[in-house]
Amino acid sequence: MAQTVSRSAVAANQSLSDPAPAMIEFTGVTKSYPGGQASLRQANLSIQRGEFVFVTGASGSGKSTLMKLIYGQEHPDQGSIKVDGQEVSQLAGDRLALFRRRLGIIFQDYKLLEQRTIAENVGFVLRAQGVRSAEIQKRLTPALQLVGLLDKASAFPHQLSGGEQQRASIARAIIGSPSLILADEPTGNLDQENALQVLRLLRQLHDFGITVMVTTHDLNLIKSTQFPVIQLQQGQLERLAEP
Ligand code: ADP
Ligand code: MG
């Protein structure tokens, strides 16, 4: 008994002195494009593991740039961006590719390969990583099932509605078991019903323990949940009071 207590006391002390890193940590981040205004100016942001957050801001405020900085497509002019404790700008080549395997990225325009079936699109990244067909097949079924597209596995993207294409892109994002999902205006091209369906799926991923960040300017979407909202305005990231 005493031993159990002292062991858990040690564990508690360790977790106090060495807390798990935030999932996303921006410190003093500045980013501008040549000739443009800064999208971020000395911006700070901390997203904990397992959170679901919305990022909102006017068109052109820098929401997509924020996402690109997180997945290492763009680099900051100044400041530090850590994802799961790792400084993203220090990654390049194979290490950047390995890092991205831990992310699931969802875009407004789905970015499906038109000449490939839904199953091929969803399994594409695993195939490129050299995962065996049998293993891909094993992972495909639950991914397509989750998004309700098992019966569309052999269809091509143009044979699907916008909502279905976005759900296919969600299946593609999760097949590698990511710890962080980044969805950049995932409902921007969808009607309200399909938007809510996509949001339901993202919430389900959050329930599985995945950290989820969603950019949107759809206030109805934001208001339909209790999740925190981060506002991007004039280069600053401000966490609004939770609804
Ligand atoms: P949002 O996603 O909020 O609409 P973006 O991150 O796409 O905003 O863009 C932020 C600002 O940076 C805009 O003024 C945009 O024109 C500019 N911008 C975005 N990407 C580039 C780029 N590759 N080169 C130059 N300017 C860019
Ligand atoms: Mg954008």
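Counting convention: from 1, in listed order, for ligands and their atoms alike. These numbers come from a predicted model, not from an experiment. Because only heavy atoms are used, hydrogens play no part in the values below, and waters and symmetry mates are left out as well, while side chains stay in. The first residue in the sequence is number 1, and the count goes up from there.
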- How about Asp77 and Thr30: does a side-chain donor come under 3.5 Å of a side-chain acceptor? no
- Query: Is it the case that Lys68 places NZ or CZ above or below the six-membered ring of Tyr71, under 6.0 angstrom from the centre and within 45 degrees of the axis?
  - Reply: no
- Which protein heavy atom lies closest to atom 25 (C) of ligand 1, and at what distance to 0.1 Å? Tyr33 CB, 3.3 Å
- Task: Note the single closest protein heavy atom to atom 9 (O) of ligand 1, along with its residue, its atom name and the distance in Å.
- Result: Thr65 OG1, 3.9 Å
- Would you find a donor on one side and an acceptor on the other, under 3.5 Å apart, between the side chain of Arg41 and the backbone of Ser32? no
- Message: Students often mix this up, so state it plainly: with edges at 30° and 60°, are the rings of Phe227 and His206 parallel, tilted or perpendicular?
- Response: perpendicular
- Min heavy-atom dist Gly57 to ligand 1 below 4.0 Å: no
- Query: Just checking, any donor-acceptor pair under 3.5 angstrom between side chains of Asp184 and Ser64?
  - Reply: yes
- Item | The one among Gly35, Gly62, Ser32 that brings a heavy atom closest to atom 8 (O) of ligand 1 | Gly62
- Message: Under 4.0 Å and counting heavy atoms only, is there anything from the protein next to atom 15 (C) of ligand 1?
- Response: no
- Query: Under 3.5 Å, is there a donor-acceptor pair between the side chain of Gln165 and the main chain of Leu160?
  - Reply: yes
- State whether the shortest distance between N or O atoms of Lys63 and N or O atoms of ligand 1 falls below 3.5 angstrom. yes
- Item | Part of Ala58 within contact of ligand 1 (heavy atoms, under 4.0 Å) | backbone
- Leu180: which of Ile47, Ile70, Val212 passes side-chain contact (heavy atoms from CB on, under 4.5 Å): Ile70
- Ligand-side contact atoms (ligand 1) for residue partner Ser59, heavy atom cut-off under 4.0 Å: 4 (O)
- Message: Closer than 4.0 angstrom, basic N to acidic O: yes or no for Asp84 and Arg49?
- Response: yes
- Message: Could you tell me, atom by atom, which parts of ligand 1 come under 4.0 Å of a heavy atom of Ser64?
- Response: 1 (P), 2 (O), 6 (O), 7 (O)
- Item | Atom indices of ligand 1 within 4.0 angstrom of Gly60 heavy atoms, with elements | 1 (P), 3 (O), 4 (O), 8 (O), 10 (C), 11 (C), 13 (C), 14 (O)
- Message: Can you tell me which portion of Ser39 lies within the under-4.0 Å heavy-atom range of ligand 1? Options are side chain, backbone, both, or neither.
- Response: side chain
- Query: Counting only protein N/O/S, how many atoms fall short of 2.8 Å from the Mg ion (ligand 2)?
  - Reply: 1
- Task: Can you confirm whether something in the protein, heavy atoms only, sits under 4.0 Å from atom 5 (P) of ligand 1?
- Result: yes
